[in-house]
Amino acid sequence: VDFALAGLPFEEELQHRASKFSFGRGLRLTTCSAEDLIVLKAFADRSKDWGDIDAVLARQKKLDWKYIDRQLAPLVEAKEAPEIMQKLHASRQRLKRRP
């Protein structure tokens, strides 16, 4: 479980875009959008996160890539890790080619 305190503009936007998701039997949790999850996972840039990103990309057929790029670019710039953008777009292209 991750908590965001909206210290960055992205985190504030993430909270505004969050929605309730029903897990059955009356259990409803507030979850982030698929796009925001991709941004968070890519920024973390751990091996496990890239597997999670691939799973999201395989499951979600329509994603707002302009939003993802707009949110992720300043984060990776601040982290001085531009290769993260390249890795994300490589994952996107690889999964597009799957049957």
Original post:
Which atom pair, heavy atoms only, marks the closest approach of K61 to A58?
Top reply: NZ-O, 2.8 Å

Subject >> For P74 against D69, the heavy-atom pair lying closest together >> reply: CD-O, 4.5 Å

Subject >> side chain to side chain contact (heavy atoms under 4.5 Å, CB included) between R94 and D54, worked out >> reply: CA-CA 9 Å; R94 185 177 63 255; D54 285 348; 3.0 Å; yes

**OP:** For F21, enumerate each residue passing the ring pair (Phe, Tyr, Trp, His ring centres under 6.0 Å) test, keeping only those at least two apart in sequence or located in another chain.
**Re:** F23

Mind checking the [atom1]-[atom2] spacing from [X] to [Y]? Nearest 0.5 Å is all I need.
X: R59; Y: L57; atom1: CZ; atom2: CG; value: 13.0 Å
X: E35; Y: I68; atom1: CD; atom2: CD1; value: 5.0 Å
X: L88; Y: Q93; atom1: CG; atom2: CD; value: 10.5 Å
X: I38; Y: R92; atom1: CD1; atom2: CZ; value: 9.5 Å

Subject >> By side chain to side chain contact (heavy atoms under 4.5 Å, CB included) - contacts of K62 (at least two apart) >> reply: none

Subject >> side chain to side chain donor-acceptor pair (under 3.5 Å): pairs with one or both residues in residues 36-46, sequence neighbours excluded >> reply: R17-D36, S33-D36, D36-Y67, K41-D49, K41-D52, D45-W50, D45-K87, R46-D49

**OP:** Answer with yes or no whether the hydrophobic clustering places L72 together with L95; edges join I, L, V, M, F, W, Y residues whose side-chain heavy atoms lie under 4.5 Å apart.
**Re:** yes

**OP:** Could you state whether I84 and W65 fall into the same hydrophobic cluster, counting links through intermediate Ile, Leu, Val, Met, Phe, Trp or Tyr residues with side-chain heavy atoms under 4.5 angstrom apart?
**Re:** yes

Subject >> Enclosure of Q60 CD (heavy-atom neighbours >12, cutoff 6.0 Å) >> reply: yes

